[in-house]
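Every chain is numbered from 1 and lettered A, B, ... according to where its sequence line falls, protein lines coming before strand lines. Both backbone and side-chain heavy atoms feed into the values below; hydrogens, waters and symmetry mates do not. Fair warning: this is a prediction, and the values are worked out from it, not measured in the lab.
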Amino acid sequence: MNREGSNIPMKDRLKQSVEAALKKCYAEGSLSSGDIPEIEFEIPARAEHGDFATNLALGMARAEKKAPRQIAEALVKALGEGDGLWRKLEIAGPGFINFTLVKSCWFKVLDQIVQEGAAFGRSSVGGGKKVQVEFVSANPTGPLHIGHGRGAVTGDVVATLYEAVGFDVQREYYINDAGNQMNTLGRSLFLRYRQCLGHSVDFPSDCYQGEYVRDISAEVLEKEGQRFLELPEDEAIAWFARYGGDAILSGIRQDLEQFGVSHDHWFSEQGLYDRGEVQGGIDFLKQRGQLYDSEGALWFKTTRYGDDKDRVLVRSNGATTYFASDIAYHKDKFDRGFDLVVDVWGADHHGYVPRMKAAFQGLGRSAEDLQVILVQLVNLLRGGEQVAMSTRSGEFVTLREVVEEVGRDACRFFFLMRRTDSQLDFDLELAKQQSSDNPVYYVQYAHARVCSINRNARDAGVELPVAGGVDFDALELDEELALAKLLSRYPETLEGAALQCEPHRLVFYLQDLASRFHTYYNRERVLVDDPRTSAARLYLVNCVRQVLADALGLLGVSAPEKM
RNA sequence: GCGCCAGUAGCUCAGAUGGAUAGAGCAACGGACUUCUAAUCCGUAGGUCGAGGGUUCGAUUCCUUCCUGGCGCGCCA
């Protein structure tokens, strides 16, 4: 892709200049060690420290046996004018070399944004590698709650970000539809069904307590009548388990859809058993010499790969463990050709990570091919007060309720505002508030404001300039330069957020960009009498608009034209 | 007991590969709407980056010990 004008090649260009200067110093004898160390640039926190800084001189002090500032002086002398790339070079602090670039360098990004359009910020670092992101994967034994919501948005956006930087991504939902939890669901439903028919039955505490169980049972009664009373209990329970699982799963699909989350593929755990893959996985590990028998059970030697203790795959009663099917599942992922597998889990499963990483290695893959994103829990608040929740008693606030109350945009944005590995306070009142306290609207409002300017421009007969048709000299304000610089950082922000699986970086970027825009908007009018200035400003704010819309779009949040 | 994550302003949190005087929002206080949308902006105040030690030119960041909070440590799923 064309990255002319973004600051990544800018760094590269600076690097070349510095390297040349370094060689020149060695040739002249002003420096003597002869090393060509890695040259790093950083973006200083303070504007007065310029646009880029390098600590090269500090790092060379030891080898050169000279004061860092002395080394910096030699380098600056050798750097010379830099053929129009920078307009100021300064030695500062203990020996930093600060570069202040020529203003026009920064405004080039505007043309780039307009020319590339929606492609601006995207990259191909992924090289088309196949990534699978598996997320939500909630058991089909109850509706999604608020915690699932955070995992859902996280997985969804991580997948989107990977796509944006050139990976080939598949989104998958793993359905835990095997094992005794489905049996428990069937039993719960059947008992409620009998209760509906007036039978007095004990409802055990290990059954699913939620109200939704009664709803499904009542629905069955209405549709199917009393016929299950005549079936053997096993058969009835099996029927209820299947029916209930399907019903709940379809509810989950609806909830996700309403939340703007979709999966490309739904993968059934039961299917692994049906196809013999669980046994296949065990056999595969056995061939590779990873297993041993002990105390009547079959063990996987995960300690070989750093796990705390070895793990059982087949219990002494002959039943396979959850771990065994999970290994089969991940082997299946490999067999489908994914280069990278990303699992999004609740943070309470963190103890499971070393085991799964070990499994990867046991299967012959690198531990790095599995990336686990641990999503911390959500504290649901209402006006600062904790909302009580308990899965056991079935009293929990569902994702559906929250999305209906606060809206999709606010809900998604709030879930993404924190690092995934830190706990999140989610205040329903705040998320609902249509005010400046609410960061979602703050960002969306910036977008709507530009759209409003555009409407006014159109009414006044002012055309939005085309790429290359703008005189950037008309942009004289510090705020304008600051906006251009921030826009130029969008590609690297996006790339970092994607590769580190940290969607919150994009959220912070958005807030930053919106903030700078609002400041500019309040300071200066865009549409002024001078057509040259009007055009340039209109061009600039539309670049802001496009990046806002693009980033919001990646987060699955709308960018309204009017608010 | 062992392990993982966290501890940064009154509150909620950012701080990319170790950098210069640690940032933002909310809350508090004081200002700006005959103006392209005030769902906005500007200003003031607010800190022992949990504590101690170490590594180095330089540590919120890396190492180590301790303190506090959350979570996890099954032939459960």
Is Ser422(A) close enough to A14(B) that one of its side-chain N or O atoms is under 4.0 Å from OP1 or OP2 there? yes
Ignoring the backbone of Phe96(A), work out which of C36(B), A14(B), G19(B) is nearest its side chain. G19(B)
Would you indicate which nucleotide in A16(B), C36(B), A39(B) comes nearest to any side-chain atom of Met563(A)? A39(B)
Touch check for Ala457(A), heavy atoms < 4.0 angstrom, all strands: base, sugar-phosphate only, or nothing? nothing
Phosphate contact (C41(B) OP1 or OP2) by Tyr442(A) side-chain N/O below 4.0 Å: yes
Closest nucleotide among A6(B), A20(B), G74(B) to the Lys309(A) side chain: G74(B)
So, are Glu134(A) and Lys333(A) salt-bridged, with charged N and O less than 4.0 Å apart? yes
The side chain of Asp421(A) lies closest to which of these nucleotides: U17(B), C13(B), C5(B)? C5(B)
Does the side-chain ring of His349(A) sit on the six-membered ring of the G72(B) base, less than 5.5 Å centre to centre and under 30° in tilt? no
Regarding Phe508(A), tell me which of base, sugar-phosphate or nothing describes its non-hydrogen contacts under 4.0 Å with the strands shown. sugar-phosphate
Rounded off to whole Å, could you give me the CZ-to-P distance for the Arg355(A) and G72(B) pair? 13 Å
Near-ring test Phe414(A)/Phe426(A), centroid separation under 6.0 angstrom: yes
Closest of C5(B), C41(B), A16(B) to the His518(A) side chain is C41(B)
Under 4.0 Å between any heavy atoms, over every strand shown, what does Asn55(A) touch: base, sugar-phosphate, or nothing? Just pick one. base
Can you figure out which of C13(B), C36(B), A39(B) approaches the side chain of Val526(A) most closely? C36(B)
Using a heavy-atom cut-off of 4.0 Å across all strands, would you classify Tyr521(A) as base, sugar-phosphate, or nothing? base
Base, sugar-phosphate alone, or nothing: which one does Ala61(A) contact when heavy atoms must sit under 4.0 Å apart? nothing
When you compare A45(B) with U56(B), how far apart are their P atoms, in angstrom units rounded to a whole number? 39 Å
Residue Asp348(A), side-chain atoms from C-beta onward, closest of C75(B), G72(B), C36(B): G72(B)
Under 30°, 30 to 60°, or over 60°: which ring-plane class applies to Phe508(A) and His504(A), parallel, tilted or perpendicular? perpendicular
Would you mind checking if Lys432(A) and Glu405(A) are paired as a salt bridge, meaning a charged N to carboxylate O distance below 4.0 Å? yes
So what does Thr519(A) touch, heavy atoms closer than 4.0 Å: a base, only the sugar-phosphate, or nothing? sugar-phosphate
Does G74(B) have OP1 or OP2 sitting under 4.0 Å from an N or O in the side chain of Tyr322(A)? no
Using a cut-off of strictly less than 4.0 Å, decide whether His350(A) has a side-chain nitrogen or oxygen near OP1 or OP2 of G70(B). no
Mind checking Gln423(A) for me? I need base, sugar-phosphate or nothing, with any heavy atom below 4.0 Å counting as a touch. sugar-phosphate
